[in-house]
Peer 1: 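Questions regarding the structure given below will be posed in turn.
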Amino acid sequence: MPSSVVAYYHYSPARKVLRVTYTSGKVYDYLQVPATVYEALKAAISKGTFLNQYIKGHYNYKLIN
């Protein structure tokens, strides 16, 4: 199901970086995200809700653009 918040996401297991491109066009890298959290995001019905509950405020991030 398409997300109204998340346009795309990618995970780098070697770097433990979750890159999220939002539908607004903004891109963020969330740092030191465990692979288990990424797998849970993939399985989540609502990507936006998952990000709000388990990613934002829990991991440091960098705004990419």
Side-chain angles (χ1 to χ4, degrees):
M1 174 196 266
S3 173
S4 61
V5 176
V6 178
Y8 177 78
Y9 58 91
H10 172 76
Y11 182 69
S12 171
R15 295 176 48 226
K16 294 185 180 180
V17 172
L18 173 65
R19 177 165 287 184
V20 178
T21 302
Y22 290 92
T23 55
S24 68
K26 291 188 178 184
V27 179
Y28 287 87
D29 279 355
Y30 294 93
L31 312 174
Q32 295 301 310
V33 176
T36 54
V37 174
Y38 169 65
E39 293 298 327
L41 170 64
K42 285 193 334 185
I45 293 171
S46 172
K47 308 304 185 216
T49 299
F50 186 92
L51 282 165
N52 286 331
Q53 289 181 342
Y54 300 105
I55 304 290
K56 292 179 180 180
H58 297 275
Y59 299 97
N60 291 327
Y61 63 89
K62 293 189 302 186
L63 175 62
I64 302 303
N65 69 351

Peer 1: Spell out, as yes or no, whether a donor-acceptor pair under 3.5 Å connects the side chain of T23 to the backbone of S4.
Peer 2: yes
Peer 1: Mind checking whether K62 and L31 have side chains closer than 4.5 Å, heavy atoms only?
Peer 2: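 Yes, side chains in contact.
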Peer 1: Of Y30, F50, Y61, which is the lone residue that meets side-chain contact (heavy atoms from CB on, under 4.5 Å) with K56?
Peer 2: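 Only match with K56 under side-chain contact (heavy atoms from CB on, under 4.5 Å): Y30.
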Peer 1: For residues Y9 and L18, report the shortest heavy-atom separation together with the two atoms involved.
Peer 2: CB-CD1, 4.4 Å
Peer 1: Determine, using ring centers only, whether Y22 and Y8 are less than 6.0 Å apart.
Peer 2: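 Between Y8 and Y22, the centre distance exceeds or equals 6.0 Å.
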Peer 1: Could you check if a side-chain atom of L51 sits within less than 4.5 angstrom of a side-chain atom of V6, using non-hydrogen atoms only?
Peer 2: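 Yes, close enough: below the 4.5 Å cut-off.
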Peer 1: If hydrophobic clusters are built by linking Ile, Leu, Val, Met, Phe, Trp and Tyr wherever their side-chain heavy atoms come under 4.5 Å apart, do V17 and L63 end up in the same one?
Peer 2: no
Peer 1: Less than 4.5 Å apart, any side-chain heavy atom of V27 and any of V20?
Peer 2: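 No, too far: nothing below the 4.5 Å cut-off.
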Peer 1: Grab the two heavy atoms, one from L41 and one from K47, that are nearest each other, plus how far apart they are.
Peer 2: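 Heavy atoms of L41 and K47 come nearest at O-NZ, 3.1 Å.
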Peer 1: For the OH atom on Y59, are there more than 12 heavy atoms of other groups (residues, nucleotides or ligands in this structure) within a distance under 6.0 Å?
Peer 2: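 Above 12, so yes.
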Peer 1: Quick one: closest heavy-atom pair of K16 and Y11, and the distance?
Peer 2: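 Nearest pair, atom of K16 first, then Y11: CA-OH, 3.6 Å.
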Peer 1: Specify the closest pair of heavy atoms between H58 and Q53, including all atoms of both residues, with the distance to one decimal.
Peer 2: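 Answer, listing the atom of H58 first, then Q53: NE2-O, 3.0 Å.
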